[in-house]
There are 2 protein chains.
Amino acid sequence: MDDIDRMLIGLLQEDATRSYAVLGKAVGLSGGAAHERVRKLRERGVIRRTTIEVDQAALGRAVTSYVMIEGGSWMGDSAAELAAIPEIEEAHVIAGPASLLLKIRTPGTRELQDVLRRVFQVDGVTGTRTIVVLETFFERTLK
Amino acid sequence: MDDIDRMLIGLLQEDATRSYAVLGKAVGLSGGAAHERVRKLRERGVIRRTTIEVDQAALGRAVTSYVMIEGGSWMGDSAAELAAIPEIEEAHVIAGPASLLLKIRTPGTRELQDVLRRVFQVDGVTGTRTIVVLETFFERTLK
DNA sequence: TATGAAATTGATGACCC
DNA sequence: GGGTCATCAATTTCATA
């Protein structure tokens, strides 16, 4: 993990369709060497996968919300139960008054209610507090 | 935007290195036709860009936190001021007691303090409440 | 680990349905 | 819109240092 690896990661985050020849030139290596470095970054799991960034609103998910969940121990398979709800994008165990934080995307607030109802049925959930996003300033990839 | 477009988006989210020939076969089209559909999805902005998903911890950003900000009107260029802080991954205007929600990634809690100090200096900020993530169950791309 | 070149595979555009 | 084909470009592998 040196500066060249970090530069390659930055370039690929911006645009993963760049050719290895172009990447190599940008970091002062041959295309083959750039390729080999990227291959190893993938192998080591630093680069998890190549994917596309999608406009969620265009796919009919216009409402983003965060839900703080109060509850007990998340020992069982609460994680799996939450993962089974397709509208939940992120689930974190947090410090503080609540103990889980979810990020949820739904077409509207109507569908958000349905998701909250399902969340409430997950083992150990005793209460929820919902934060609806009114406007997103930015959602970006860190360099 | 039909079911084939949605399938193509799903396939590319899983793995954007798939060839158009493979994509076409998966959705019952020729490679050329699949290519044309994906081109139009990009053109329309439904697909924003092709990127890589990176293991943040491997890049030295081990601590994820959310910060709820109380404050006034975000009319000026608060958005730009926040965007200038590189550790802030997301910034949302929210409904509820606070009025902004930030997602922050730092190497440790020490650096989180530095970021909070900078956030406090942004125009209109009167208070912050920080939620530190203890464990992430998942952070995924919605299908 | 890097280079340079060879071989394979994929992208892209013109043309027709 | 989609299919097919020809051309051009990129990926991937390998011999060599």
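Proteins get letters first, then strands, A, B, ... in listed order; numbering begins at 1 in each. As a basis for the values below, the full set of heavy atoms in this structure was taken, side chains included, without hydrogen atoms, waters or symmetry mates. Just so we're clear, the structure is a prediction, and the values are computed from it rather than from any experiment.
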*Between Arg18(B) (CZ) and dT11(D) (C1'), how many Å, whole number?*
18 Å

*Please report, rounded to the nearest Å, how far the P atom of dT11(D) is from the CG atom of Leu23(A).*
8 Å

*Looking only at atom types and distance, does a side-chain atom of Arg129(A) sit under 3.5 Å from a main-chain N or O of Glu70(A), one as donor and one as acceptor?*
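No.
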
*Looking at Phe137(A), Tyr66(A), Phe138(A), which one forms a ring pair (Phe, Tyr, Trp, His ring centres under 6.0 Å) with His92(B)?*
Tyr66(A)

*Can you give one letter per nucleotide of nucleotides 2-9 of chain D, going 5' to 3': B for a protein heavy atom under 4.0 Å from the base, S for sugar-phosphate only, - for none?*
SSB-----

_Covered region of DNA chain C, 5' end to 3' end, by chain B [heavy atoms, under 4.0 Å]_ = dG10(C) to dT12(C)

*Any salt bridge between Arg39(B) and Glu36(B), counting N to O under 4.0 Å?*
yes

*Would Asp15(A) and Arg49(B) pass as an ion pair if we require N to O under 4.0 Å?*
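Not counted as a salt bridge, because no side-chain N and carboxylate O are separated by less than 4.0 Å.
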
*Taking the side chain as every heavy atom from C-beta outward, state whether Lys103(A) and Glu90(B) have any atom pair closer than 4.5 Å.*
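Lys103(A) vs Glu90(B): side chains touch.
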
*Any side-chain heavy atom of Val115(A) within less than 4.5 Å of one from Val67(A)?*
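No. Closest side-chain heavy atoms not under 4.5 Å.
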
*Which value, rounded to the nearest 0.5 Å, describes the distance between Glu14(A) atom CD and Lys143(A) atom NZ?*
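So the gap between those two atoms works out to 5.0 Å.
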
*asked:* Ignoring hydrogens and geometry beyond distance, is a side-chain donor-acceptor pair present between Thr17(B) and Arg42(A) at under 3.5 Å?
replied: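 Checked: Thr17(B)/Arg42(A) side chains show no N/O donor-acceptor pair below 3.5 Å.
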
